[in-house]
**Q** 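So that we are looking at the same thing, I have put the structure below in structure tokens.
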Amino acid sequence: MSERNFETDSGILIKELYTGLGNQELPGEFPYTRGVQKDMYRGRLWTMRQYAGFSTAEESNKRYKYLLANGTMGLSVAFDLPTQIGYDSDHAMSEGEVGKVGVAIDSLQDMEVLFDGIELEKITTSMTINATASTLLAFYIALAKKQGADIKKISGTIQNDILKEYAARGTYIYPPKPSMRIITDIFEYCSKEVPKWNTISISGYHIREAGSTAVQEIAFTLANAKSYLKAAQAKGLDIDVFGQRLSFFFNAHNNFFEEIAKFRAARRMWAKMAKDMGATNPKAMMLRFHTQTGGATLQAQQPENNIMRVTLQALAAVMGGTQSLHTNGFDEALSLPTEAAARTALRTQQIIAYESGVVDTVDPMGGSYFVEELTNQIEAAAWDYIAKIDAMGGSVSAIEQGYMQKEIANASYQYQMNIEKGSKVIVGVNQFNAEQDVMPPIMRVDDSIRIGQMERLKQLRANRNNDKVTAGLNQISEAAKNGTNLMPLLVDAVENYTTLGEIADTLRNVFGEYKA
């Protein structure tokens, strides 16, 4: 941010930090309740990272360039369902789903189109991908190499958080143990070859979307994080090294003060957890997180009201100290966001950043009697959940026993019952209804794009060196069996234009598929 005087519109000077009497935690110091940087947004704003991806790589590329032209600071890629669960667009299981909830990426060729005219060394990219995260990262690395980039300088994040898929979201492929093995392969490879890459974004977002409470969101997320730490340490990785590349992904809902307190509690809990597990490097104890406003809070009735919901949620994320933020389009309860809705969502962040004044001092809620006590209570309740999960043998065991799933389902049911009884008011839904809602224009993805993807795959397979593809898949199969790190082989394979589905099928043959 540029040098300037920080003052109110009345000319009152704003200090960088306000503290109470006696000893008080400071931002940038363990356990980071008040923030992971000393100066927070006075030094650097959060990354405004709008989540986008739909239809074909060509169409998504246009949206990325549109967002970049309008001031977004980083890209965030949404993939379609076949890509997320390891099927090429021409697979029978892909019918009706190609390009619908994200962009279809079948090969390095699609990735080349997706980032055409965008230099990977100059931006950061987040990819919401889990079961096939290793392959999508391989595509990204291969493309960076083709662009002539130094892969040691490229930066971004793959979500790569498979445990929450079993508990809440469902886009898993392999059973938990081989899935954890792939994740630690990524940790190991990236620590040496792509050191600026965040190798996992441990996600509470989808846990909350499935119906959890705020307490459950951070408790289950941090319990999963603990399992990832243990798996990495069992592989001999140094927590002080790989711990610096872990990031988190949280939801922001409408209960303004609870959300702020949740973010503060999560930071404090992670610092204590990482320290207890052997971390000594402060950066390995800092919980850095991306936030997305709550998709499940968006309503199809009176959709313009969602602009206010998103604004409150984004403000809570900023007051809670997020490092990166996506704001949902107001029309997303109806369809993928239109360009106009995406622009309004981005402008919401920009107005908070440049007009509201909330960025001018660090942790402006710090010292509030209410927020401090709420932070303490959320932390205590979340530790209780983690103790129960530890007693079951950790997250993998708790998921296998159905514990997390049941707790989330119960919370979701209770929330819905409160709405139906009217004790929980949703404006425009169970109170303050309109006789006739005015529906905005909505975006539709045509089923015909699958035909184009299928033709592209047909040509790709005809023109590539299929002997190299077969040899590469055989190497991946052997490595999957003998425990060799898969990542270098995946990068080699995708450089020969092996498809995502071919790689996923090879691993399916070795690891099997998880059945809930």
Side-chain angles (χ1 to χ4, degrees), residues 30-32 36 130-131 133-134 137 157-167 172 174-204 218-249 266-289 382-383 385-401 403-404 479-480 482-488 490 511:
F30 183 90
Y32 312 108
V36 293
N130 296 284
S134 56
L137 177 58
T157 305
I158 43 173
Q159 193 163 101
N160 199 28
D161 173 10
I162 202 66
L163 291 178
K164 65 93 176 49
E165 296 296 327
Y166 304 115
Y172 44 73
Y174 321 111
K177 287 183 174 62
S179 294
M180 293 288 281
R181 173 264 173 99
I182 295 171
I183 288 169
T184 55
D185 279 0
I186 295 169
F187 288 171
E188 184 178 53
Y189 173 83
C190 289
S191 67
K192 299 170 185 173
E193 304 297 333
V194 198
K196 291 190 174 181
W197 196 267
N198 295 326
T199 49
I200 193 167
S201 176
I202 306 161
S203 176
I218 63 168
F220 297 164
T221 303
L222 293 174
N224 289 345
K226 192 172 187 179
S227 293
Y228 293 127
L229 286 180
K230 287 184 174 180
Q233 287 178 317
K235 196 160 185 171
L237 302 182
D238 184 351
I239 189 173
D240 280 333
V241 177
F242 77 83
Q244 296 181 55
R245 304 319 313 170
L246 305 182
S247 65
F248 290 79
F249 175 24
R267 259 195 308 273
R268 190 156 72 199
M269 292 175 72
W270 172 247
K272 294 173 182 176
M273 183 180 286
K275 186 175 182 179
D276 287 347
M277 295 187 71
T280 58
N281 186 325
K283 289 185 177 180
M285 294 182 264
M286 292 179 182
L287 185 144
R288 298 167 298 117
F289 67 100
W383 280 127
Y385 267 117
I386 291 173
K388 291 175 185 175
I389 292 167
D390 285 345
M392 294 177 192
S395 282
V396 173
S397 179
I399 289 166
E400 289 174 343
Q401 294 176 49
Y403 173 71
M404 289 189 193
N482 65 31
T484 301
N485 193 304
L486 288 164
M487 279 306 300
L490 294 181
F511 297 143

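Numbers here simply count residues along the sequence, with the first being 1.
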**Q** Can you tell me how far the CD1 atom of I158 sits from the OG atom of S201, to the nearest 0.5 Å?
**A**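 The CD1 atom of I158 sits 10.0 Å away from the OG atom of S201.
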
**Q** Got a list of side-chain donor-acceptor pairs under 3.5 Å for residues 184-191, not counting sequence neighbours?
**A**
| unit_1 | atom_1 | unit_2 | atom_2 | d |
| --- | --- | --- | --- | --- |
| T184 | OG1 | M180 | O | 3.3 |
| T184 | OG1 | R181 | O | 2.9 |
| D185 | OD1 | K235 | NZ | 2.3 |
| D185 | OD2 | R181 | NE | 3.0 |
| D185 | OD2 | L486 | N | 3.2 |
| E188 | OE1 | N485 | ND2 | 2.9 |
| S191 | OG | F187 | O | 3.4 |
| S191 | OG | E188 | O | 2.8 |

**Q** Can you find a pair of side-chain heavy atoms, one from L287 and one from L222, that are under 4.5 Å apart?
**A**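 Side-chain contact under 4.5 Å: yes.
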
**Q** If you define the side chain from C-beta out and look only at heavy atoms, does anything of S134 sit under 4.5 Å from M487?
**A**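 Of all side-chain heavy-atom pairs linking M487 with S134, at least one is under 4.5 Å.
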
**Q** I need the minimum non-hydrogen distance between A219 and A382, along with the two atoms involved.
**A**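 Scanning both residues completely, I find the closest heavy atoms to be CB-O, 3.6 Å.
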
**Q** What is the minimum heavy-atom distance between I183 and Y228, and which atoms define it?
**A** CD1-CE2, 3.7 Å

**Q** Are D161 and F249 close enough that some pair of their side-chain heavy atoms sits under 4.5 Å apart?
**A** no

**Q** Would a 4.5 Å heavy-atom cut-off, applied to side chains only, mark I389 and F220 as touching?
**A**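 SC-SC contact between I389 and F220 confirmed.
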
**Q** What distance separates I386 CD1 from S395 OG, expressed to the nearest 0.5 Å?
**A** 8.5 Å

**Q** Which word best sums up how the rings of Y172 and Y166 line up, parallel for under 30°, tilted for 30 to 60°, or perpendicular for over 60°?
**A**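 It falls in the parallel class, under 30°.
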
**Q** How long is the straight-line distance from CH2 of W270 back to OG1 of T221, given to the nearest 0.5 Å?
**A** 11.5 Å

**Q** Rounded to the nearest 0.5 Å, what separates atom CD in E165 from atom CG in N130?
**A** 4.0 Å

**Q** Given side chains that start at C-beta, do those of F289 and R267 come closer than 4.5 Å, heavy atoms only?
**A** yes

**Q** Rounded to the nearest 0.5 Å, what separation is found between the NZ atom of K164 and the CG atom of N224?
**A**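 CG of N224 is found 9.0 Å from NZ of K164.
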
**Q** Measure the shortest side-chain to side-chain distance between F30 and Y32 over non-hydrogen atoms and say whether it is less than 4.5 angstrom.
**A** yes

**Q** Evaluate whether atom NZ of K230 has more than 12 neighbouring non-hydrogen atoms of other residues, nucleotides or ligands under 6.0 angstrom away.
**A**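 No - once you tally the heavy atoms of other residues, nucleotides and ligands closer than 6.0 Å, there are 12 at most.
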
**Q** Would you indicate whether the side-chain heavy atoms of I162 and Y174 approach each other to under 4.5 Å?
**A**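 No; the side chains remain at least 4.5 Å from each other.
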
**Q** Taking all non-hydrogen atoms of both residues into account, name the closest pair between I202 and A225 and its distance.
**A** CD1-CB, 3.6 Å

**Q** Looking only at heavy atoms, which two atoms of K226 and M273 are closest? And how far apart?
**A**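 Of all heavy-atom pairs spanning K226 and M273, the closest is CB-SD, 3.8 Å.
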
**Q** Report, one line per pair, each donor and acceptor closer than 3.5 Å where one atom sits in a side chain of residues 275-285; sequence neighbours left out.
**A**
| unit_1 | atom_1 | unit_2 | atom_2 | d |
| --- | --- | --- | --- | --- |
| T280 | OG1 | D240 | OD2 | 2.6 |
| N281 | OD1 | K283 | N | 2.9 |

**Q** Kindly compute the distance separating CE (M404) from CE (M392), expressed to the nearest 0.5 Å.
**A** 8.5 Å

**Q** Which one of L229, T157, N198 satisfies the side chain to side chain contact (heavy atoms under 4.5 Å, CB included) criterion with L246?
**A** L229

